[in-house]
Amino acid sequence: MPRRGCRAANGHHVRVIEFHLTVATSDGASRTEHYRLLTTRMDPRRHPADQLAALYHQRWEVEIAFFGLKVTLRTADRVLRSQRPEGVEQEIYAYLNVYQVLRRVSHHSARRVGVDPDRVSFTVAVRTARHGVIAADHASPGGPETFHQLLTNELLPPRRADRVSPRAVKRPVSPFSYKQVHALRESRTARRATYTVHLREPSADALTVPPQP
C-alpha cells in the first residue's frame, strides 16, 4: 500500500515483444543476444511483432537526429545567447520546432517523389530553408513546389541494411592509441552483416510500467 500522503502510480500499459537477434558478419563472426522490446503499439495486427523487432538495426539512427540538431542546425561554434534560464529554454524550443518542421517537410518531399525519407539530406534542408528566408521566395505562389524540388534534387544514396561497425572507445584527449584508424576503417568497409530475428512473444503481452517520477 502507498504511504500516507503519496498517490499510487497509474502506470502505462505496454506490449512486450521478446526475441533473440543473431548478427552474422561476412568475416565469419557471429553473436546472438536476447532482447525485450516494450512498445505502446498494442495492436499486433496493425503492428506485427516481427516488423517491430526487425527495426533493430535502425535503433542508433537517433544519433543522426542529435547531430542534425546540435551541429547542422545550430552549428558547432554557436552558443545560446540568453543569460537567463527562461531565455535558454525559449531558444532550445525554437531549435526543436525548426528541426521538427524541416524533418516533416523533408518527409513530405520524399513521399511526393516516392523515395525513402532517409535519402533527403538534412544539411540541404537547412541550407534551402535559410536561403528561402533570406530571399523570401517560398512565400510566393509556387514557392513550396520549388522548396520540395530543391530538397529532392540532391538525394543521398540509399541506406544499406547490412551496415555494421565495430565499437571503439573514443579518447580524443588521450596520448595513448586505443585503436589504429587504418585498421578500424578497413574493418568497417570490409564487413557486412546479416540480421536474423527469432521471435517469441510472451503469453502475457502487456504489463504495467510505473511512470518515472
Side-chain angles (χ1 to χ4, degrees), residues 7 9-10 12 14 37-41 55-113 115-160 163 165-179 181 184-185 188 209-213:
R7 294 187 304 173
N10 294 326
H12 301 282
V14 297
L37 171 65
L38 274 65
T39 177
T40 55
R41 307 291 185 178
L55 296 176
Y56 165 84
H57 67 281
Q58 295 186 2
R59 65 177 182 168
W60 295 116
E61 291 196 6
V62 67
E63 298 294 338
I64 300 176
F66 294 152
F67 185 88
L69 179 61
K70 295 190 297 184
V71 179
T72 308
L73 181 59
R74 186 177 62 87
T75 68
D77 58 348
R78 181 177 298 173
V79 298
L80 299 178
R81 296 168 295 176
S82 179
Q83 302 297 318
R84 301 175 62 85
E86 57 270 21
V88 171
E89 183 177 353
Q90 184 180 37
E91 286 188 75
I92 291 176
Y93 271 101
Y95 277 117
L96 290 173
N97 286 332
V98 173
Y99 178 85
Q100 292 292 344
V101 168
L102 291 178
R103 284 299 191 188
R104 288 179 66 89
V105 172
S106 299
H107 183 274
H108 183 58
S109 300
R111 292 307 187 193
R112 287 165 59 95
V113 296
V115 299
D116 191 328
D118 287 339
R119 297 189 59 189
V120 178
S121 169
F122 186 68
T123 301
V124 172
V126 172
R127 184 182 66 204
T128 304
R130 284 175 176 164
H131 292 173
V133 170
I134 295 173
D137 56 353
H138 296 322
S140 61
E145 291 292 333
T146 303
F147 190 82
H148 290 303
Q149 183 177 359
L150 291 173
L151 291 186
T152 53
N153 278 346
E154 302 180 52
L155 293 176
L156 298 173
R159 295 275 183 90
R160 297 199 327 266
R163 292 176 301 164
S165 178
R167 294 180 180 178
V169 178
K170 296 181 180 179
R171 301 175 183 174
V173 296
S174 174
F176 302 100
S177 176
Y178 59 92
K179 183 171 290 189
V181 176
L184 180 61
R185 288 177 179 173
R188 286 181 174 178
V209 178
Q212 297 295 326

- line: Between the CZ atom in Phe147 and the OG1 atom in Thr128, the distance rounded to the nearest 0.5 Å is 5.5 Å
query: In terms of heavy-atom contacts, does CZ of Phe67 have more than 12 from other residues, nucleotides or ligands at under 6.0 Å?
result: no
- line: Residues at least two apart in sequence or cross-chain that pass salt bridge (charged side-chain N to carboxylate O under 4.0 Å, His left out) with Asp116, listed by chain then number, are none
statement: Here the gap from Thr123 atom OG1 to Leu73 atom CG, rounded to the nearest 0.5 Å, amounts to 10.5 Å
- request: State, yes or no, whether a side-chain contact exists between Leu155 and Val120 at a heavy-atom distance under 4.5 Å.
  value: yes
message: Can you confirm whether more than 12 heavy atoms, excluding those of Arg104, are under 6.0 Å from its CZ atom?
response: no
- request: Please collect all salt bridge (charged side-chain N to carboxylate O under 4.0 Å, His left out) contacts where either partner lies in residues 80-89, sequence neighbours excluded, each pair once.
  value: Arg81-Glu91, Arg84-Glu86
message: Could you report the tightest heavy-atom contact between Thr152 and Ser109, atom names first, then the distance?
response: CG2-O, 3.7 Å
- request: Rounded to the nearest 0.5 Å, what's the gap from NE2 on His148 to CG on Leu150? Could you check?
  value: 10.5 Å
message: Taking the side chain as everything from C-beta on, heavy atoms only, tell me whether Val105 gets closer than 4.5 Å to Leu102.
response: no
message: Take a 6.0 Å sphere around CZ of Arg103 and say whether it holds more than 12 heavy atoms from other residues, nucleotides or ligands.
response: yes
task: List the atom of Pro117, the atom of Ala110, and the distance in Å for their closest heavy-atom pair.
output: CA-CB, 3.6 Å
field: Distance (rounded to the nearest 0.5 Å) between Leu151 CG and His108 NE2
entry: 11.0 Å
- line: What one should report as the nearest heavy-atom pair of Asp118 and Glu61 is OD2-OE1, 3.9 Å
field: Nearest heavy-atom neighbours spanning Tyr95 and Leu69
entry: O-CD1, 3.8 Å
- prompt: How close do Phe122 and Thr72 get, heavy atom to heavy atom, and via which atoms?
  reply: CD2-CG2, 3.8 Å
